[in-house]
**Student:** 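My structure is below; once you've seen it, I'll send some questions.
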Amino acid sequence: MDDLYREVIIEHYKHPGYRGHLDPHDVQFADSNPLCGDHIEITLRTDHQGHVADARFDGRGCAISQASADLLMEAIIGKPIEEIKQLNRQDILDMLGIDLGPVRLKCALLSLKVLKAGVYGLGEASDSLVE
Amino acid sequence: MDDLYREVIIEHYKHPGYRGHLDPHDVQFADSNPLCGDHIEITLRTDHQGHVADARFDGRGCAISQASADLLMEAIIGKPIEEIKQLNRQDILDMLGIDLGPVRLKCALLSLKVLKAGVYGLGEASDSLVE
Amino acid sequence: MLDVNEIRKDFPIFQRETKPGTRLIYLDSTATSQKPLLVIEAMDAYYRRSNANIHRGVHMLAEEATSLYEEARVKIARFINAPSAHQVIYTRNTTESINLVAYSWARANLKSGDLVILTEMEHHSNLVPWQILQAERGIELGFIPVTEDGLLDLDEYKTLLSRGPKLVSFTHMSNVLGTINPAAEIIRLAHEAGAVTLVDAAQSVPHLKVDVQALGTDFLAFSAHKMCGPTGIGVLYGKMELLEAMPPFLGGGDMIKEVKLRSFRTNALPYKFEAGTPAIAEAVGFGAAVDYLSSLGMDAIAAHEHEITEYALERLEEIPGVNVFGPSAQHKGGVAAFTLDGVHPHDVAQILDQDGIAVRAGHHCAQPLHEKFGLPATSRASFYLYNTKEEVDLLVSGIYKVKELFG
Amino acid sequence: MLDVNEIRKDFPIFQRETKPGTRLIYLDSTATSQKPLLVIEAMDAYYRRSNANIHRGVHMLAEEATSLYEEARVKIARFINAPSAHQVIYTRNTTESINLVAYSWARANLKSGDLVILTEMEHHSNLVPWQILQAERGIELGFIPVTEDGLLDLDEYKTLLSRGPKLVSFTHMSNVLGTINPAAEIIRLAHEAGAVTLVDAAQSVPHLKVDVQALGTDFLAFSAHKMCGPTGIGVLYGKMELLEAMPPFLGGGDMIKEVKLRSFRTNALPYKFEAGTPAIAEAVGFGAAVDYLSSLGMDAIAAHEHEITEYALERLEEIPGVNVFGPSAQHKGGVAAFTLDGVHPHDVAQILDQDGIAVRAGHHCAQPLHEKFGLPATSRASFYLYNTKEEVDLLVSGIYKVKELFG
Ligand SMILES: Cc1ncc(COP(=O)(O)O)c(C=O)c1O
Ligand SMILES: Cc1ncc(COP(=O)(O)O)c(C=O)c1O
């Protein structure tokens, strides 16, 4: 029907492949966007080579935030942690295949912010992680 | 040359007839307009019928403030005090024969404000006296 | 009745298409209203012909600018039936007006333990200034609860009043529930209890006939941008004796009568509270906005909005999965905040936007109220003098499209 | 060099006649500047096409408005070479910017007995906020004296610095004397003494290339309306670590990250200090003004003003009975405050006005400075990018007319 809600987004929102919580895990982090109540938790397991062995997200929020979390999990499994640290805003937009205004961008980037705060082992997730 | 500085104003400014200070006096009051530094003092003597027997102003300031003070003194001599209490902004504008914007109006009305505060025996001169 | 088709022609923005062939359906006036041409042109003409700094200026432009600035104040004073234009203080917006009371009146009058009564439906602008004071001074905050159907619980209010509050500060109309609170009664009860009152009229002055003398309130705050006027200007109205007794807030040019190196004397009202070069062009625009609203009549505007709102509530409630918050149309201004089951309000708003329908999604600066209802966010459609039933129909079809997409 | 004849065409007000056959000679830009068409049109277009409330809005207009508002901030940050746009806080004007520092930074950092250094040539906006704090907190005020020729006495400044001040707050350029103070040196010395610095740049940012990083100042304040921009908006620039440590000032929407009934968390910079709906159209206009000035080049503007000022001082000083205040053209921006023996400054201004020549008369919000020179008031002609030598000539003939009338 329209550009922003491409089928892929609705699909990943309605039928996420990576929703869940890994226990045990090597990395865990959660944050929310108080403005719209989006909330994302991410758990990861790494292998002995420093690659992501498995990853899951959990949370609630809008289609953009949840679909981008699901797409992000899909993308990082098998990748080296060092590579994940390099991911940026454009990578997320490429996965979603859309352009977003400033407000929705926050929704789209929440999962990346949570992921990076987790792999860097930070105490707090900051917007500067995804700039 | 131009409307606002009618000859009468320049004349009364340059050659005031009622500049001075009466001693003894029955009424004395002074006030200034801090915005432009205009300052007016008025002294009056009344006769036993409650008329103004004599009046003088002293002070410094712009032509409008000084000329209107001089014109005002001229106008009140011989008048009953009760009549002076009725004088208002329009009376001053009529004496000056001009129309004034809000800033210069303050200059023109300073002497009336001082006069009324004096004859009412007030502690402070308020703008509401000349509204 | 309003001739809405004629009114729409007064607003240039309605000629806009959001994309080729899609016209703008603006349902976000509670956030900010659109501006009629005469308001835009009043400011334009000010800058093209009369622009100068005001007061103290002797030249022609300065006098013109001063007159325009002060005439607007007189218009606004009449619009709310203030006894005198000296009681109309220009601020940036409702928020600054409330902060002015919090910084000047409240810091001079409230001490640790003093009770300030607010409500659970307040906008952040009428919460945070008091929370700052709570942290700084130790004042106490009490909240009139909101009932399930979105009304203030006046019994609880009376209980709070028995604790001897110093201030009751409340919204005249909720920007989320749309609830029009019984302001006159709240004020009367507050005064009986010896409290001062502040009305957040950000949503009422634009939509209803508000008469400060009939209300009897001590303070009242509103913003131009929500009532067809420009951004950057608002008003604090106050009772003369309160305003006169209050210490100054911002210090600087214009608010003084006299300045020495180490001391100053304050100017008369309203200038005492207007430090520095004010929003002059904006005051001119505000005056034009008030003229515009007055020419149409606030009662006619309110009646039109009521009709649209009734219709909208009816149509929205027919949609399966839609829940509208707040009271029935009878107690409500032109606001419909709603949720759609299974779809996040942001997604609703964004999908509607693709058909040119502008609604807002989020907590609308009333987070505690949303929390009370267990929601992080709602979508909100709001109506003003230029909205039509046809636009409500388009909103409804838009929501059906959203349902289909997420079906 | 500027092509002033072309520039004048950018300003619609110069087509105005003050009365039939008399064109406007505007020599009052120090009070407020005139506005080029592109600034007026940027705001006009904003209201006609993009008007919406910003942030948190999902619909197209809200996103357009947000982008326009934030792009303007980036332009302004570049204009003063701020490291980041987050350090550019929108306020109403210079006055509010200074008050923001006084309410937030100073109340969190100054206690009784702490010394704040100002100068004798300050505008009331940089005096009264500190006098309020003096009365409230018992801070002490010290003043850098002004010498007979209108310069700051830097030896006395060093003596004051030895008393360990907490803040040095001073005007970059005097709006009466025109003196351009050696800001970088004043700041360097203040920092050596451990003080924080605030530059009142109301008169410098419009007229000179100002680089906050080269200056090294902690805070800097200016107003749009004096630099071809609209009324109702100004800026406070601050160093990141100071702004971040400061408590909020006004409370309300937008300045928060999260609000509960009894507590809130503040938002990131710059929003922490921008409570409520801001001056959105005005920000757009401010951005356009900065584009306009940048396109001409601040160095070219300063050079043009210098030339006019030199010429004006020369011509004015030839007139018997005229005394111009302040330093020689070398240390001076485009301001000529003067007296004419035997004629009150108000009369001078008013008679000039009758020939369409707009100058200001009064104490120009610098009463202590006037008192120091033993004057209640001066007349002031000031020059900006659109003024010409021919206008100076008309001013001079106007003053001769005044002399004749009062002769
Ligand atoms: C040196 C100086 N500081 C501060 C101000 C105050 O500016 P505003 O009135 O825009 O707040 C002015 C303007 O007159 C000024 O010239
Ligand atoms: C009820 C209410 N109060 C206060 C405000 C704040 O108004 P402003 O942002 O103009 O200060 C609003 C606007 O959103 C509102 O709806």
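Lettering of chains follows the sequences in order, A, B, ..., and the numbering in each one begins at 1. These numbers come from the heavy atoms of this one structure, side chains and all, not from hydrogens, waters or symmetry mates.
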**Student:** Just so I understand: if I count every heavy-atom pair under 4.5 Å between each of Ala279(D), Ala102(D), Gly234(D) and chain C, which residue has the most?
**Tutor:**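 Ranked by contacts with chain C, first place is Ala279(D).
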**Student:** So which part of Arg92(C) gets closer than 4.5 Å to some heavy atom of chain D, the side chain, the backbone, both or neither?
**Tutor:**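 Contact with chain D is through both the backbone and side chain of Arg92(C).
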**Student:** Where does the angle between the aromatic ring planes of Tyr69(D) and Tyr90(D) fall among parallel (under 30°), tilted (30 to 60°) and perpendicular (over 60°)?
**Tutor:**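 Ring orientation of Tyr69(D) relative to Tyr90(D): tilted.
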**Student:** Which donor-acceptor pairs under 3.5 Å do side chains of residues 221-228 of chain C form with protein atoms, sequence neighbours excluded?
**Tutor:**
residue   : atom : partner   : partner atom : Å
Ser223(C) : OG   : Thr94(C)  : N            : 2.8
Ser223(C) : OG   : Thr94(C)  : OG1          : 2.5
His225(C) : ND1  : Thr32(C)  : OG1          : 2.7
His225(C) : NE2  : Thr277(D) : OG1          : 3.3
Lys226(C) : NZ   : Thr30(C)  : O            : 3.0
Lys226(C) : NZ   : Ala31(C)  : O            : 3.0

**Student:** Does any backbone or side-chain atom of Glu122(C) lie under 4.5 Å from a heavy atom of chain D? Answer side chain, backbone, both or neither.
**Tutor:**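 Neither; nothing under 4.5 Å.
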**Student:** Quick check on Val359(C) against chain D: is it the side chain, the backbone, both or neither that has a heavy atom closer than 4.5 Å?
**Tutor:**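 Just the backbone, heavy atoms under 4.5 Å.
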**Student:** At a heavy-atom separation under 4.5 Å, does Leu133(C) approach chain D through its side chain, its backbone, both, or neither?
**Tutor:**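 It is neither, since no heavy atom gets under 4.5 Å.
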**Student:** Is it the side chain or the backbone of Leu100(C) that comes within 4.5 Å of chain D heavy atoms, both, or neither?
**Tutor:**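 Neither part, no heavy atoms under 4.5 Å.
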**Student:** Let's test your reading of the structure: which of Ala202(D), Gly276(D), Ser29(D) forms the most heavy-atom pairs below 4.5 Å with chain C?
**Tutor:**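 The candidate making the most pairs under 4.5 Å is Gly276(D).
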**Student:** Is there a donor-acceptor contact under 3.5 Å from the side chain of Ser97(C) to the main chain of Asn93(C)?
**Tutor:**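 Here the side-chain-to-backbone pair exists.
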**Student:** Does any heavy atom of chain D fall under 4.5 Å from the side chain of Pro278(C), the backbone, both, or neither of them?
**Tutor:**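 It is the backbone, since no side chain atom gets that close.
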**Student:** Do the charged groups of Arg49(C) and Glu64(C) touch, with an N to O distance under 4.0 Å?
**Tutor:**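 No.
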**Student:** With a 4.5 angstrom heavy-atom cut-off, is it the side chain or the backbone of Leu37(D) that approaches chain C, or both, or neither?
**Tutor:**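 For Leu37(D), the side chain is the part near chain C, not the backbone.
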**Student:** So which residue, Pro248(C), Pro230(C), Ala361(C), ends up with the most heavy-atom pairs under 4.5 Å with chain D?
**Tutor:**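 Looking at each option in turn, the highest pair count goes to Pro230(C).
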**Student:** Counting only heavy atoms closer than 4.5 Å, note whether Leu61(C) contacts chain D via side chain, backbone, both or neither.
**Tutor:**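 Looking at Leu61(C), just its side chain touches chain D.
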**Student:** Tell me, side chain or backbone of Asn51(C) under 4.5 Å from chain D's heavy atoms, or both, or neither?
**Tutor:**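 Asn51(C) touches chain D through backbone and side-chain heavy atoms alike.
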**Student:** Measure from the side-chain N and O atoms of Glu258(C) to the backbone N and O of Asn267(C), and report whether any donor-acceptor pair falls under 3.5 Å.
**Tutor:**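 No, because the side chain of Glu258(C) does not come within donor-acceptor range (under 3.5 Å) of the backbone of Asn267(C).
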**Student:** Please tell me whether Phe249(C) and Tyr103(D) form a close aromatic pair, meaning their ring centres lie under 6.0 Å apart.
**Tutor:**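 Yes, close enough.
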**Student:** If you count heavy-atom pairs under 4.5 Å with chain C, which of Ala275(D), Ala349(D), Ala366(D), Ala283(D) comes out on top?
**Tutor:**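 Most heavy-atom pairs within the cutoff with chain C belong to Ala275(D).
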**Student:** What residue, out of Asn126(D), Asp353(D), Thr231(D), has the most heavy-atom pairs lying under 4.5 Å from chain C?
**Tutor:**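 Maximum pair count with chain C is reached by Thr231(D).
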**Student:** Using a 3.5 Å distance criterion without hydrogens, assess whether the side chain of Asn99(D) forms a donor-acceptor pair with backbone atoms of Gly251(C).
**Tutor:**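 Yes, Asn99(D) side chain to Gly251(C) backbone: donor-acceptor pair under 3.5 Å.
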**Student:** On the 0 to 90° scale, with breaks at 30° and 60°, tag the His59(C)-Tyr26(D) ring pair as parallel, tilted or perpendicular.
**Tutor:**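 Because their plane-to-plane angle is over 60°, the rings of His59(C) and Tyr26(D) count as perpendicular.
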